[in-house]
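Ligands are counted one by one from 1 in listed order, and the atoms in each one are counted from 1 as well. Side chains included, hydrogens not; waters and symmetry mates left out as well; all remaining heavy atoms used.
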Amino acid sequence: MVEGERLPGAPTPEERVVLHVDMDCFYASCERKREPRLRGEPVVVGMGYEAGETTGAVATASYKARDFGVESAQAISTALERLPRRAEHPEDPETAHYRPVDLDYYEDVAADVKAILHDLADTVREVSVDEAYMDVTDRTDWSVAEGFARHVKQRIEREVGVPASVGVAPNMSTAKIASDYDKPDGLVVVPPDDVAGFLAPIDVADVHGVGPVRARELREMGIETAGDLADADPYELTAAFGERGRELHERARGRDERPVEPKGDPKSLSRESAFDGPEDDHDRVLEQALALADAVAERATRKDALYRTIGVKVVTPPFDVNTRARSLPGPVDEPDLVREVAEELLAEFEGESVRKVGVRVSNLSFTADEQAKLGGFKDAATDEGGADGDTDVRDSPTADRASERASERDPEGQASLRDF
Ligand code: TTP
Ligand code: MG
């Protein structure tokens with residue numbers, strides 16, 4: 001083995017333990033969580049689809065539905081030909097339950113999954129709604145990595161109730177291939193010595209970074225598998241694909257030294273929930289909002305985020321979106337204050353009917369400054385050093401303790417899917 005210039009005994013990047021977690025048929029699994037009678041039944045989730053319609057495209061299909069040729073991006077009309085609606089053929093098992101996409105709900109489920117991942121790893125890179133990498137080198141060892149990965153899967157299944165596939169490998173690109181290798185409910189562990197053998201027979205199209213066009217070009221060069229790619233002449237690959245060719249060659253050889261790094265910090269953290277119908281009882285709205293306040297504050301604490309603005313969202317019939325926010329004198333991590341401010345901001349809506357309520361903290365700073373937490377709100381208010389200065393102007397940070405009114409369009413509505 002070539003150790004390069006590393007000191008003897010120093011861990012090489014190949015000794016890292018990297019997990020890739022990808023939820024199985026995620027939107028369909030969320031629908032099954034919400035509606036347990038769908039468990040074990042074919043489920044198709046449609047984008048731009050409404051109950052009873054034939055328009056829209058398949059966002060995802062459960063594995064049972066995939067057996068009938070239903071797949072992502074397919075027209076719903078095509079899916080319906082392969083697997084008619086159960087509602088119209090209640091006795092026919094070769095039918096599926098069709099549901100429209102409900103991204104807000106899936107985001108909530110995903111947040112619960114990600115919370116578990118953050119609890120189990122110091123470094124988590126969230127890639128998409130249903131996918132994340134974890135570096136757990138400091139928490140486990142190759143000899144027990146499989147047990148660790150099983151624990152991750154079981155916690156997600158037990159605490160959130162949706163299935164995940166997990167790949168374990170010494171680097172990100174191999175871990176991703178591993179999580180996909182035995183879906184659904186997969187658990188594939190590729191220890192450092194097995195990486196080359198594991199990758200060799202993998203279809204070249206499944207190598208991280210190879211899209212359909214490049215896969216075709218590689219096949220034209222006689223490269224069908226990751227093994228072929230690993231054996232190819234790197235100069236030839238560079239001549240054909242530039243620097244990218246070299247990178248693909250490295251990936252195919254199981255070399256990928258990219259560290260698992262968290263993606264950009266979010267601008268705000270929020271949670272919201274809808275009532276079954278318009279809710280007239282302010283106490284019930286408040287009770288729900290306080291639970292959301294606790295959830296948001298907990299998420300902020302977990303992410304080491306201090307917030308300087310606390311807000312609520314209240315949707316009143318028919319679809320009027322009202323947001324109120326209060327900026328604090330300084331950044332804090334104070335769950336009780338989130339509850340208190342949410343309650344005060346909601347008081348204005350007493351006597352109104354409410355369809356949906358949400359709580360948000362924003363104007364975030366990600367300092368590891370524990371002083372604000374330990375010193376409490378008052379100390380934090382004067383602790384400008386605790387803020388990183390990277391405040392979000394849309395939060396009007398100068399409007400101390402001033403409520404701001406915004407209708408229809410939340411000023412941060414486009415910041416992230418997770419935001420409201
Ligand atoms: P994926 O992880 O690609 O798919 P999946 O989770 O449904 O299935 P798998 O078990 O193979 O991982 O995507 C995650 C979610 O993203 C998926 O549930 C629905 C959504 N999505 C779309 O809306 N459109 C698409 O074309 C794809 C591929 C996914
Ligand atoms: Mg998935």
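Each of Asp104, Asp294, Asp112 was checked for a salt bridge (charged side-chain N to carboxylate O under 4.0 Å, His left out) with Arg271, and the lone residue meeting it is Asp112. With Arg37 as reference, Glu35 is the one residue of Glu41, Arg39, Glu35 to meet the side chain to side chain contact (heavy atoms under 4.5 Å, CB included) rule. When each of Ser62, Ser29, Cys30 is tested with Val43 by the rule side chain to side chain contact (heavy atoms under 4.5 Å, CB included), just one qualifies, namely Ser62.
Tally of protein N, O or S atoms closer to the Mg ion (ligand 2) than 2.8 Å: 3.
Within the 4.0 Å heavy-atom shell around ligand 1 one does not find Glu31. Within the 4.0 Å heavy-atom cutoff, Tyr106 does not count among the residues contacting ligand 1.
In the vicinity of Thr60, heavy-atom distances shorter than 4.0 Å reach the ligand 1 atoms 5 (P), 7 (O), 17 (C), 18 (O), 19 (C). Near Phe26, meaning under 4.0 Å from any of its heavy atoms, are these atoms of ligand 1: 5 (P), 6 (O), 7 (O), 18 (O). Residue-ligand proximity, Tyr63 to ligand 1, at heavy-atom distances under 4.0 Å covers atoms 9 (P), 10 (O), 11 (O). Close approach to Asp22 involves these atoms of ligand 1, each under 4.0 Å from a residue heavy atom: 2 (O), 12 (O).
With respect to the salt-bridge test (charged N to carboxylate O, under 4.0 angstrom), the residues Arg99 and Glu53 do not qualify.
Of the N or O atoms in Met23, one or more lie within a sub-3.5 Å distance of an N or O in ligand 1. The shortest N or O to N or O distance between Cys25 and ligand 1 is under 3.5 Å.
Considering only heavy atoms from C-beta on, Met134 stays 4.5 Å or farther from Thr123 through its side chain.
Judged by distance alone, the side chains of Gln288 and Ser273 do bring a donor and an acceptor atom under 3.5 Å apart.
For residues 199-235, the set of pairs meeting the ring pair (Phe, Tyr, Trp, His ring centres under 6.0 Å) definition, not counting sequence neighbours, is empty.
Taking NE2 of His249 as the reference point, atom CD of Glu236 lies at 10.5 Å (rounded to 0.5 Å). Taking CG from Leu19 and NZ from Lys176, the interatomic distance works out to 14.0 Å, rounded to the nearest 0.5 Å.
Between Tyr106 and Phe26, the ring planes lie perpendicular to each other; the angle is over 60°, past the 30° to 60° tilted range.
Counting heavy atoms under 4.0 Å from ligand 1, residue Ala59 touches it through both backbone and side chain. When non-hydrogen atoms are compared, ligand 1 lies under 4.0 Å from neither the backbone nor the side chain of Gln74.
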